[in-house]
Every structure is written in structure tokens, then in C-alpha cells.
Amino acid sequence: MSGDWWTRWPSREALTWAGMSIARLWFVRVLRVVILASLLWDAFHEDRGWRLIAGMAMVLAVAGVGWAFFRVSFAHRLWPSLALMALLLAAAFAAESGDWRVLAMVLWCGSAVSALERLPLAAAAPSVIVAMTGYAVYISGSPLITALTVIGLVLAGYTLRLDAEARGGALRLLAQERAARVAETESAALAERARIAREIHDVLAHSLSAQLVHLEAARLLIERDASKEQILGRVVAARSMAREGLAETRQALSALRGEMTPVEDFLRELVTTDRASVTVAGDRRPLPAEASQAVRRVAQEALTNVRKHAPGAKVQVCLRYGEGEVRLDVRDSGGETPGELAASGAGYGLLGMRERAELLGGSLEAGPGEEGFVVTLRVPG
């Protein structure tokens with residue numbers, strides 16, 4: 001056996017009553033009451049005068065030392081524990097000398113069992129040897145019965161130690177499981193907050209980008225001394241985009257709660273103001289909330305880019321349900337002019353779309369096609 005087995009303290013969880021069954025707790029309490037009653041009877045019966053006072057003092061002193069031993073052994077303080085155990089053994093020999101046989105027997109047996117249960121085995125062994133030697137020498141009885149009693153007490157003490165260690169290990173595992181559950185709950189809450197923050201960020205980024213397109217157009221019209229109606233039209237469009245942004249923010253929150261319209265209907269509503277068509281292929285099925293939101297945001301961002309970089313271009317939106325994934329293609333035919341608003345915005349749209357796809361275990365490709373620009377999103381779903 002390893003040296004750690006000899007020098008290891010029982011865990012503090014093992015030295016408490018935590019995890020004990022109600023029946024076992026009551027058994028321990030009743031046993032303590034019986035032992036205390038036996039000690040008092042041994043101290044009081046047939047004794048008068050100074051022996052009665054000495055017996056009471058002996059019982060009270062033993063109770064105090066025993067309580068102190070339980071406290072310091074729980075704190076894993078070796079030398080104070082050994083000193084108190086030595087006092088208990090000395091009290092056993094003193095009780096035997098004073099003819100308090102019951103008290104002496106309880107101290108020898110209790111000291112051996114408590115040492116095995118609460119001390120490192122290397123420190124408990126000398127205490128057990130002294131206690132069992134005193135018991136075998138002073139308690140009258142046949143050698144066989146005495147030997148069986150000594151062996152039984154040693155086995156009982158070690159069994160109690162193993163049982164307490166098993167109970168302490170179970171309590172530690174339970175505490176670790178509870179801590180893991182708390183950490184998992186906190187991690188899930190943080191992930192949910194990050195998901196909501198990312199969703200709101202994407203919605204607002206799209207909305208503000210679209211507003212910027214219209215406001216930039218209004219600025220260019222003002223610089224060219226355009227008519228009031230043209231300028232007003234762009235301002236009204238920007239205001240409309242602001243309202244739509246608020247509505248989309250509410251929709252995003254509803255989507256995160258699982259309250260969303262089918263993605264196909266969303267795409268058809270999205271292209272009503274553009275020269276765009278929507279095609280759906282494959283077997284339709286409900287998508288996970290994050291996959292559905294990714295399709296919606298990528299479609300919005302792609303159409304906004306078309307307005308900025310290829311105004312007037314025809315757009316084809318294709319949503320295809322595949323085996324274990326969903327694919328979105330947004331293709332434009334290319335604008336006749338490069339677009340005066342191509343320089344507006346921060347330029348993070350494609351980067352944000354790609355990050356969103358990668359977080360879901362998908363991918364996003366964007367680049368020139370045969371005629372215009374093509375954005376392709378693939379996400380599990």
C-alpha cells in the first residue's frame with residue numbers, strides 16, 4: 001500500500017453527519033444516550049461522598065476531552081489530536097484504577113474506534129494498540145472472546161472509516177456536479193446573451209446601412225441641386241428604413257423565442273421592393289432558430305449590397321433544402337453603373353455574414369459570378 005494511504009486524513013466531508021440517513025442518525029443519537037446513561041450509572045451507583053464527586057468529574061472531563069478531540073480531528077490538526085487521544089487513554093487507565101469499569105471499557109473501545117475513523121492510519125495504529133492492550137489486560141473474560149472482541153472493534157473502526165470516506169466522496173461528487181450544473185447554466189446564459197447581442201447587432205447594422213444608402217443619396221441630390229421631391233423621397237425612404245429596423249429588431253427577438261414566420265415567406269416579403277425573384281427547392285422543413293436567422297440576415301445584407309453596388313440589377317434568390325443543410329444563393333445581374341453609393345458603409349457586411357455562418361458550422365462564399373455578384377450561404381439545418 002502507498003504511503004499516502006497511511007498518512008492521509010479522512011476528508012472533512014467524511015467527518016460530518018452530512019449524507020447520513022435519518023435512521024442512522026437516530027441510531028447514533030440513541031447509542032450516545034445509552035453510553036452516557038451507562039457512564040452515569042457506573043459513577044453514581046453504590047458510591048457516596050468523594051467517590052461520587054470524583055466519578056462525576058471524571059465523566060464530565062472525559063466528555064469535554066472527547067468533544068475537543070472531535071473538533072481538532074475535524075480540523076486535521078495532528079499533534080493536538082494525538083495529545084487529546086493520549087488524555088482519553090490515560091483517563092481509561094485512571095478509571096480502571098478507580099474501579100469505574102464501565103467508563104474504562106467505553107474509553108478503550110471508543111478510543112480505538114474513533115482513532116481508526118478520524119485519524120491517519122499511521123497515527124491511529126499506536127492509539128489502537130494501547131487501547132486494545134488495556135482492554136485485553138484489564139477486562140476479564142476468556143482469551144477467545146477477548147480476541148474476537150478486539151478484532152471486531154478494529155474491523156468496526158476501519159469499516160466506519162471506509163463508509164465515511166465513501167459518503168464523503170459521494171458528497172464531493174455531488175458538490176462537483178452541482179458546481180458543473182451552475183457553470184453550465186451560466187455558460188448557456190452567456191451564450192444566449194452573446195447570440196441575442198449578435199442578432200440585434202446584425203439587425204441594426206443592416207438597418208443603419210440601408211438608411212445610410214438613402215441618406216447618402218439625398219446628400220448627392222442636394223449637391224446636384226435636385227428637385228425637392230427627389231430629395232424628400234430619399235429622406236422618406238430613410239425614415240421608412242428606420243421604422244423597418246425597429247420592426248426587424250422586434251422580429252429578431254420573437255425569432256429567438258421561437259416565434260418566427262417561415263423563412264420562405266420572409267424572403268418573398270423582403271424582395272417586394274426590389275427587382276428580385278425567390279425560388280425554393282427541396283423538401284421544406286422547419287429550420288433551427290439560428291440557421292433561420294442566418295438565412296434572413298444574409299439575404300438582407302446581400303440585397304443591401306446590390307442596392308449600393310449594382311442599383312437596378314435583377315436579383316435571383318434561391319433557397320435550397322439539402323441533406324442536412326440549407327443553401328441560400330443571391331445572384332444579381334450587375335448594374336449598368338458602379339453605383340454612386342458604393343463607398344458608403346463601413347465595409348463589414350460580408351465579414352459579419354461569414355462569421356455568422358462559421359459560428360453555426362457553415363460557410364459563406366461571395367464573389368463575382370458570370371454576370372454580377374454571387375453570395376452563397378451554407379448552414380446545417
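Keep in mind that what you see is a predicted model, and the values were worked out from it rather than measured.
Annotation: Phe74 is not in aromatic contact with Trp9 [ring centroid separation under 6.0 Å not met].
Side chain of Asp332 to backbone of Phe373: a donor-acceptor contact under 3.5 angstrom is found. Side chain of Arg118 to backbone of Phe70: a donor-acceptor contact under 3.5 angstrom is found. The backbone N or O of Ile145 lies less than 3.5 Å from a partner atom in the side chain of Thr149, making a donor-acceptor pair.
Between Leu319 atom CG and Tyr321 atom OH the span is 4.5 Å, to the nearest 0.5 Å.
Cluster membership for Tyr135 and Leu148, using ILVMFWY side-chain heavy atoms within less than 4.5 angstrom, is not shared. No continuous path of hydrophobic side-chain contacts links Leu364 to Val374 [ILVMFWY only; heavy atoms under 4.5 Å]. Hydrophobic clustering, with ILVMFWY side chains joined whenever heavy atoms are under 4.5 angstrom apart, keeps Leu155 apart from Leu162.
Under the 4.5 Å side-chain criterion, counting only non-hydrogen atoms from C-beta, Leu121 is in contact with Tyr158. Proximity of Ser363 to Arg378: side-chain heavy atoms (C-beta onward) are separated by under 4.5 Å at one or more points.
Of the residues listed (Leu116, Ile129, Thr159), the one engaging Val154 in a side chain to side chain contact (heavy atoms under 4.5 Å, CB included) is Leu116, and it is the only one.
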Steps toward salt bridge (Lys or Arg N to Asp or Glu O under 4.0 Å) verdict (Arg354, Glu358)
CA-CA 6 Å; Arg354 184 170 289 108; Glu358 291 174 353; 5.1 Å; no

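A donor and an acceptor atom, one from each side chain of Thr376 and Arg327, are nowhere located under 3.5 Å apart.
Environment of CZ in Arg320: sparse, with no more than 12 heavy atoms of neighbouring residues, nucleotides or ligands closer than 6.0 Å.
Salt-bridge formation is detected for the pair Arg219/Glu223: a Lys NZ or Arg NE/NH1/NH2 atom is positioned less than 4.0 Å from an Asp or Glu carboxylate oxygen.
When the side chain to side chain donor-acceptor pair (under 3.5 Å) test is applied to Arg285, no partner is found at least two apart in sequence or on another chain.
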